[in-house]
Structure formats: C-alpha cells, structure tokens
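Hydrogens, waters and symmetry mates are skipped; everything else that's a heavy atom, side chains included, is used. What you are looking at is a predicted structure, and each value in this text was computed from that prediction instead of being measured.
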Amino acid sequence: MIVQGQVPAYFDYLIDAFHRGEAGRYVHLGYWSASPSATGESFAAAQQRLDEKLAAMAGLEAGQAILDAGCGFGGTLGRLNRQLSGMRLAGVNVDRRQLDICRMQQPASGNRFEWHEADACRLPFPDQSFDRVLCIEAMFHFRSRREFFLEAARVLKPGGALIGSDITIALSAQTLEVPGFCIEAPLQDGYGPWPDFWSDDADHAALADAAGLRVAALQDATANTLPSHGYTAPHDADESRDTGNAALRAALMLRWLHREGHLRYWLFRFDKPAMDPS
C-alpha cells in the first residue's frame, strides 16, 4: 500500500543523524520532574522517561497486541520488544524511510513485529484488532484528530485503551499582537503537516467521547517537557534573525511558544468500554 503523505522536514535531519550514529530511536520530547541542571539527566534519558511514563499509563502485559500510530523510528515498540513476551507489535507510518529504520530491529521472546506504510486516519486493520493503541507526539501531524480517534476506537478491542501524547497551540497565541501566519508559517515549513494548527478541533476529552472512549487520564505535561528545547534548538541561536533553515526555524518557534506559555503538551489515556457480559 503506497501512502501519499507529507513528512515533516525535521525528519530529514533526524534520519541522517540516526544513520550517522548521532541520534537514537526516540523522536519525541523528553520528560523531566526537575530541571536538567538539577538532575544532570541527558535528553535521551528524559525521552525514555516519557516513554516509560506512557507505558505505565497503558498498563501493558505480555501477550497483548499493540499498535503504535506514527511509530517514528520504532523506539517505543523496540523497548516493549525487550521487556515483554508474546507481543504483537505493529507500527504505522507514512514515511518509508522511517519504517526502514524500524525494520532493523529483530523480534525477541516470541514477539512479532509488523511495520505498515499507512495513514493513521485510515488504519489497515480489522475492527477490534488491538489491546492498546499508542500515539506519541504524532497526532498533530495527522489530517484530522477526530478521524484518528474514530479509527483508534474502531481497531481497539473492548476494554482496550488509546494512550499517548499531543501538542496543541494555546488560545493565547491567537491574541498576540502579531499576524497568525507569522507564527504558523515557520512551523508548517519545518514541522508540518500541522492541519489543525490553531487547535480548533483538539479537545481530547470531547474527541474521545465522540468516538465512544472514556477519559481515564489527561495530564498537562507542558512544564515537564519544556527543557527539551535546550537540546532540540541551539542555546546560542539568535531569535531576532532568520536562520534560513526550515527545521531550525521551526525548532526556535516551537521553543518560543512553549517557553512563553502559548503551547500545551498533553499525556492521555482513553478507554474503550468492555462489552456488557449480559
């Protein structure tokens, strides 16, 4: 199945960095409980902590079927492959290059990997296929959060759950004394596609309810993820001048929005009700 989909420009850099041995498999922000200067933790350690925090929210067990929608380089499924057994571990991505990196991993402990070039809003799986659907820092790239929630609910088994993280632009960003396109354009160029940039249809609880899912956890992790930009954007970058590089321009704008309180980072779990035994 060939999927036509725009891939964010920053992945060109991440893919090259991975092949040079300068980047790992996690392509999301990190999670800190205190400042990096106080903890001395690396970005990679904070990225793993975010992954572990979401795994704990998911309540994963051996023998489950797991789907990672927007699976990146396969870091999350790779960690589950090392920790659990008898798992069906399926990843979906529109970028064949990222899937090629995922396929470098070998299954262990009776686990099975599946890597699908597919659209997360049109999942190539039958109804009730998975115990858990993961979506870590990818949903804002999808053409519609609403469509994705409906698809996730469709492929989840009764009693299953959707777990992940998402970035939304805060309402305050629309009240700034600057034209909106000045904020949106650099992020669309470097981090797009970002179809619902202004979060017009990004109320996660409402989207879950419309898909028949129940809110189990919804956490604002904006402050916990803010230190990530100390690693994703140069400390000495001059924000008063255009870098001429789309990915760096986007990284600087994302850092500014996050730092100034115009961005929110969410962790969530939404449950699909179990079938009524009666």
Side-chain angles (χ1 to χ4, degrees), residues 4-18 22-23 26-32 36 43 46-47 50 70 72-73 93-95 97-98 119-121 135-145 148 164-204 220-266:
Q4 299 298 323
Q6 181 184 352
V7 179
Y10 70 93
F11 269 103
D12 294 339
Y13 165 78
L14 289 176
I15 289 167
D16 288 343
F18 178 86
E22 298 172 2
Y26 292 128
V27 293
H28 52 69
L29 299 186
Y31 185 99
W32 284 265
F43 184 40
Q47 289 179 298
L50 178 65
F73 296 170
N93 201 306
V94 296
D95 187 358
R97 300 171 303 168
Q98 295 180 56
D119 183 344
C121 295
C135 183
I136 303 174
E137 206 175 301
M139 195 186 309
F140 64 94
H141 291 310
F142 299 165
R143 67 167 180 260
S144 166
R145 287 183 175 91
F148 171 66
S165 65
D166 192 21
I167 295 173
T168 59
I169 302 302
L171 183 62
S172 61
Q174 299 186 47
T175 65
L176 297 172
E177 293 184 3
V178 60
F181 74 86
C182 295
I183 297 171
E184 182 175 0
L187 283 168
Q188 293 287 12
D189 287 346
Y191 282 3
W194 198 322
D196 184 19
F197 183 81
W198 297 105
S199 305
D200 295 323
D201 195 23
D203 182 329
H204 298 99
D220 186 338
T222 304
N224 305 96
T225 51
L226 176 59
S228 301
H229 303 290
Y231 303 90
T232 61
H235 291 280
D236 57 352
D238 184 355
E239 294 183 356
S240 68
R241 298 180 180 275
D242 183 18
T243 67
N245 179 291
L248 180 55
R249 186 187 297 132
L252 293 174
M253 176 57 75
L254 198 72
R255 180 177 73 181
W256 183 82
L257 288 170
H258 205 154
R259 185 182 66 213
E260 299 301 318
H262 304 306
L263 174 153
R264 296 289 180 270
Y265 195 100
W266 303 99

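- Of all non-hydrogen atoms in G70 and N93, the two that sit nearest each other are C-ND2, 4.4 Å.
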| Stepwise side-chain contact (heavy atoms from CB on, under 4.5 Å) check, D95 with I15 | CA-CA 11 Å; D95 187 358; I15 289 167; 3.8 Å; yes
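- Here the closest heavy-atom approach between residue Y31 and residue A221 is recorded as CE1-CB, 3.9 Å.
- Scanning both residues, P195 and P193, for their nearest heavy atoms gives CD-C, 3.5 Å.
- Residue I167 comes nearest to R145 through the heavy atom pair O-NH2, 3.0 Å, listed as atom of the first residue, atom of the second, then distance.
- The heavy-atom pair separating L29 from S228 by the smallest distance is CB-OG, 3.4 Å.
- Within the 4.5 Å cutoff, the side chain of Y10 has no heavy atoms near those of the T232 side chain.
- There is no side-chain donor-acceptor pair under 3.5 Å between W194 and E184.
- Looking at heavy atoms from C-beta onward, H262 lies out of side-chain contact with I183 at the 4.5 angstrom threshold.
- In this structure, the side chain of H141 engages the main chain of Y191 through a donor-acceptor pair within 3.5 Å.
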| request: Could you check I136 against Y26 for side-chain contact (heavy atoms from CB on, under 4.5 Å), going step by step and ending with a plain yes or no? | output: CA-CA 10 Å; I136 303 174; Y26 292 128; over 6 Å; no
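- Counting heavy atoms from C-beta outward, R97 and D12 have side chains that approach closer than 4.5 Å.
- Side-chain atoms of H229 never come within 3.5 Å of backbone atoms of A251 as a donor-acceptor pair (strictly under, hydrogens ignored).
- Remark: the backbone N or O of Y265 is paired with a side-chain donor or acceptor of T222 at under 3.5 angstrom.
- Side-chain N or O atoms of R255 include one that pairs as donor or acceptor with a backbone N or O of P234 at under 3.5 Å.
- Proximity of F148 to R143: side-chain heavy atoms (C-beta onward) are nowhere separated by under 4.5 Å.
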| message | Walk me through whether L187 and L257 qualify under side-chain contact (heavy atoms from CB on, under 4.5 Å). | response | CA-CA 11 Å; L187 283 168; L257 288 170; 3.6 Å; yes
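- Between the CD atom of Q6 and the CD atom of Q188 there is a distance of 8.0 Å, given to the nearest 0.5 Å.
- The minimum heavy-atom distance between T168 and S199, with the atom names listed, is CB-OG, 3.4 Å.
- By the ring pair (Phe, Tyr, Trp, His ring centres under 6.0 Å) test, W32 pairs with Y231, sequence neighbours left out.
- Considering CG of L50 and OG1 of T225, their distance stands at 8.0 Å, rounded to 0.5 Å.
- Looking at D196, its side chain does come within 3.5 Å of a backbone N or O of D201 through a donor-acceptor pair.
- Rounding to the nearest 0.5 Å gives a distance of 8.0 Å between CE of M253 and SG of C182.
- Between the E239 side chain and the L252 main chain, no donor and acceptor come within less than 3.5 Å of each other.
- Contact check for F11 versus V27: side-chain heavy atoms found under the 4.5 Å cut-off.
- The pair D242-R249 counts as a salt bridge, with a side-chain nitrogen and a carboxylate oxygen less than 4.0 angstrom apart.
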